[in-house]
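Have a look at the structure below, then the notes.
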Amino acid sequence: MKNIVILVSGSGTNLQRIIDTIESGEIRNAKVSLVVADRECYGLERAKNHHIENILIPRGKNFSNELEKVIPVTTDLIVLAGFLSILKPEFCETWNGKIINIHPALLPKFGGKGMWGHHVHHAVIDAQEKESGATVHFVTRGIDEGEIILQKSFEVTAEDTPQTLAEKVHYIEYEIFPKAIDKVLNI
Ligand code: GAR
């Protein structure tokens, strides 16, 4: 059984999707052993509702050090599922190849510092992009720069707003995130 630690900052619909697809067997042979939030958020409630061990470590400069202390040594994969803090380079190196993130755009476009959530969707609309999508990638010391595991796009239409893009991106995320997690765990 592979052990997954999930980091969240928000509503946690991707966390919910991971929990559900482990239960359905789409993600094989895995268990969410811990959920860590960097702020009060509904993602933490979802963990509690499913009786998954959970902890709140307030965001800030000590976050990565505190996280290192609570992550079980048996952890196979750390999954950033709507997680908004930046992990320290040392942490990324210790867990090299074992941290993945979902990003709400087609990396390498619209990534980097400040590019998260609605900021990304606003930037995509402002740039009059013809397509957007979601990307699952390995986390390295460079923000949103790690190797891409899975990516899927959709067409952006003239009627789209940041809100409609966020919805469309979420649907794509629900599809590719479980596939990417299963792939990385079973390489
Ligand atoms: C997702 O769209 C995810 O790609 C994005 O936050 C949303 C979280 O939704 N992550 C980032 O912007 C990270 N840079 P959720 O809390 O419902 O899973």
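For ligands, and for the atoms within them, numbers begin at 1 and follow the listed sequence.
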Under 3.5 Å between some N or O of ligand 1 and some N or O of N14?
yes
Please indicate whether any nitrogen or oxygen in H170 is less than 3.5 Å from any nitrogen or oxygen in ligand 1.
yes
Should H50 and Q16 count as side-chain neighbours, where that means a heavy-atom distance under 4.5 Å?
yes
T13: numbered ligand 1 atoms lying under 4.0 Å from its heavy atoms:
15 (P), 16 (O), 17 (O), 18 (O)
For ligand 1, which is the ligand I care about here, please tell me if E173 has any N or O atom under 3.5 Å from one of the ligand's N or O atoms.
yes
Among all protein heavy atoms, pick the one closest to atom 11 (C) of ligand 1 and tell me residue, atom and distance.
P104 CD, 3.7 Å
Using a 4.0 Å cutoff against the non-hydrogen atoms of G117, which atoms of ligand 1 qualify?
12 (O)
Cationic N near anionic O, under 4.0 Å, K109 to E129:
yes
Counting non-hydrogen protein atoms only, what is the nearest one to atom 14 (N) of ligand 1? Give residue, atom name and distance.
W116 CB, 3.6 Å
Near G82, which atoms of ligand 1 are under 4.0 Å from a heavy atom of that residue?
6 (O), 8 (C), 10 (N)
Distance (rounded to the nearest 0.5 Å) between D160 CG and E167 CD:
10.0 Å
Purely on distance, is any nitrogen or oxygen of L84 under 3.5 Å from one on ligand 1?
no
From the candidates S85, G43, G12, S9, the one that places a heavy atom nearest atom 16 (O) of ligand 1
G12
Path from L185 to F177 over hydrophobic side-chain contacts below 4.5 Å:
yes
Please state which option from I102, L80, I6, V120 has its nearest heavy atom closest to atom 10 (N) of ligand 1.
I102
Hey, what do you get for CD (E147) to NE2 (H137), rounding to the nearest 0.5 Å?
11.5 Å
Can you list, by chain and residue number, the hydrophobic cluster partners of L44 when the side-chain cut-off is 4.5 Å?
L56
Members other than I71 in its cluster, when Ile, Leu, Val, Met, Phe, Trp, Tyr link by side-chain heavy atoms under 4.5 Å?
V5, L7, L34, V36, I55, I57, F63, L67, V70, I78, L80, F83, L87, F91, W95, I99, V139
Donor on one side chain, acceptor on other, T75 and N3, under 3.5 Å:
no
